[in-house]
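Step one of this worksheet: look at the structure below.
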Amino acid sequence: MRTDILRKLPLLAMLLLLVGAISSCGGDGCNSKTQSITTARLYSMATKKMIMVDSISVYGIGAPGDSMIFDNAYRVSDIPLPFRYTANSTQFVIHYNQKAISHPSFNDTLTFKYDLVPIFDSSECGVIYAFDILDYECTDNMIDSISVPYNRVTNLSTVSVLLYMRTAQ
Amino acid sequence: MRKTICILVGIMVSMAAMACYGQTTGKRFITPVEKSTNRTLLPRKGEKLEYVERDSLVLDSLRRDSIAKIYPRYPLITDVTVGVNFWDLVAKLFGQSYESYDVSLKVNMWNRLFPALELGVGRANSTPDGLNYTYKTPWSFYAKLGADYNFLFKSHPRYQFFVGVRGGYSAFKYSITGVTVDNGYWGESEKLEVPTMKSNALYGEVVAGLKVQLSGPISAGWTVKYHTVFKHKKNGEINPWYIPGFGSRESSLYVGMSVYYTFKTSKKKWPNIDDDGKLIDPGTAGHLPTDSISTDASNQNPGLNAPADGQEKSGEAVDDEELPLKRGQRLKVDQPKTGIKAARLVEEEDDKEK
């Protein structure tokens with residue numbers, strides 16, 4: 001009995017080190033986004049179905065270097081809307097590049113007011129900001145209405161804003 | 001994938017431990033004289049150890065035709081063990097950014113059950129590579145209470161393979177500092193500090209491990225723990241990552257390595273056996289030789305057999321007809337030199353009998 005255990009001790013010690021190494025290993029990395037980004041999806045007001053829009057440009061008001069989120073993009077159905085961290089509201093402009101409605105007077109402006117909430121849930125994702133949307137509004141040129149079904153936006157959120165566009169049948 | 005590896009390793013560890021334990025099996029066993037294995041086979045106070053009930057041995061064991069070594073019956077409190085868990089000193093070499101150390105107290109009850117108490121401290125200081133924060137927990141206390149079951153209770157207490165459960169609790173503080181949150185589109189970089197927050201956690205563990213004597217009262221052992229958090233206090237959206245005594249909240253496996261010092265509480269009362277299972281102190285509860293068919297006179301230890309009521313108490317063989325013996329086997333009652341009667345089951349040897 002004693003001899004058997006002593007013979008098996010090196011194997012058991014190796015298994016222990018293996019288990020210890022595995023348990024001490026780092027994880028698989030952050031499995032979700034490291035940033036909370038609001039995503040707006042386009043729907044047809046007439047059919048209530050998701051649509052894709054051609055020739056559309058989107059930018060944030062006050063973005064450095066007038067950087068664009070979309071610049072005359074084609075087949076756009078989802079629009080990412082990154083909120084600012086240094087303010088409690090952010091505005092975005094949707095410009096339609098189609099010839100008949102390319103005038104700036106047809107642009108739509110989206111305004112969101114929110115609270116920033118720091119979140120720490122996973123050591124591998126670190127600290128991220130979540131947004132609790134308090135209020136929202138939009139102009140009604142090409143957008144018929146806006147809907148925000150879930151007011152909290154986190155790094156796990158997918159679609160947070162629904163934009164219903166005026167479209168022909 | 002990681003979970004799968006952890007499960008496979010746990011199975012390998014269990015199989016290695018069971019293989020070690022399995023070395024003790026493979027022999028035939030008899031029914032012990034006392035059905036309750038925790039009762040000491042000592043005479044009543046004031047009486048000399050002369051006879052012990054033979055009936056179950058003669059009838060039950062012979063009926064079943066199985067012979068085995070009777071293991072010693074340990075007293076209620078056999079010894080008390082104090083241990084120190086220092087595994088996290090080793091784990092830090094593998095990059096672990098937290099540490100816990102505890103002192104354990106275990107009471108050996110019948111060499112089977114080991115109630116355990118663990119008291120310890122733990123802390124964390126983690127700045128993960130490529131991430132935007134530093135997580136800190138100062139030294140905080142934790143306590144665990146539970147019990148282990150020793151599967152090697154038939155063997156000497158110096159070798160133990162045990163499985164047990166623990167319940168743990170810890171109250172601690174934590175803070176997250178040096179947080180930097182970047183917003184690429186807007187070109188913003190926001191710095192924030194999460195102030196020190198208080199929390200507490202209640203958790204449970206299932207433990208498996210080995211303990212092996214090194215020298216004298218010094219032993220060493222290791223444990224593998226599978227644990228889960230039952231409840232912990234949240235502070236808004238800032239959850240604690242490290243729980244003292246538990247480790248990372250995101251990991252379900254934990255390892256411990258300890259050194260132990262054993263204090264024996266009752267030397268005389270429990271039997272002392274050697275590695276072959278023979279009694280060193282025959283004044284305590286006795287047992288049959290390992291092979292009860294053996295005719296080796298040196299195996300005449302104080303026996304556990306006594307004549308049944310109404311039979312001769314000394315020097316006479318029992319009729320074959322009275323006992324359900326196997327063909328060719330004869331039960332003979334001898335008078336050992338110690339004055340305590342013992343019974344041996346011997347094979348009939350025609351020449352010797354003649």
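In what follows, every chain begins at residue 1, and chains take the letters A, B, ... in the order their sequences are listed.
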Quick one: what part of B:I238 sits under 4.5 Å from any heavy atom of chain A, side chain, backbone, both or neither? both
Non-hydrogen atoms of chain A under 4.5 Å away: do they reach the side chain of B:V179, the backbone, both or neither?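 The side chain, not the backbone.
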Can you tell me if [atom1] on [X] sees more than 12 non-hydrogen neighbours from other groups inside 6.0 Å?
{"X": "A:K48", "atom1": "NZ", "answer": "yes"}
{"X": "A:Y164", "atom1": "OH", "answer": "yes"}
{"X": "B:K92", "atom1": "NZ", "answer": "yes"}

Tell me whether [X] contacts the main-chain N or O of [Y] through its side chain, where contact means a donor paired with an acceptor under 3.5 Å.
{"X": "B:W186", "Y": "A:G60", "value": "no"}
{"X": "B:N183", "Y": "A:F83", "value": "yes"}
{"X": "B:E237", "Y": "A:P118", "value": "no"}

Give me the one residue out of B:Y133, B:W241, B:Y174, B:Y242 that meets ring-ring contact (aromatic ring centres under 6.0 Å, His included) with A:F120.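 Per the ring-ring contact (aromatic ring centres under 6.0 Å, His included) rule, the option paired with A:F120 is B:Y133, out of B:Y133, B:W241, B:Y174, B:Y242.
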Considering non-hydrogen atoms only, spot the tightest contact between B:G187 and A:P64 and give its length. N-CG, 4.4 Å
Between B:L192 and A:Y129, is there a side-chain heavy-atom distance shorter than 4.5 Å? yes
Any salt bridge between A:R84 and B:E190, counting N to O under 4.0 Å?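 Result for this pair is no, no salt bridge flagged.
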Result of checking A:I37, A:L81, A:I69 against B:Y185 for side-chain contact (heavy atoms from CB on, under 4.5 Å):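 By the side-chain contact (heavy atoms from CB on, under 4.5 Å) criterion, B:Y185 pairs with just one of A:I37, A:L81, A:I69: A:I69.
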Below 4.5 Å from any heavy atom of chain B, which atoms of A:V127 appear? Answer side chain, backbone, both or neither. both
A:S122 versus chain B, the contacting section by heavy-atom distance below 4.5 Å: both
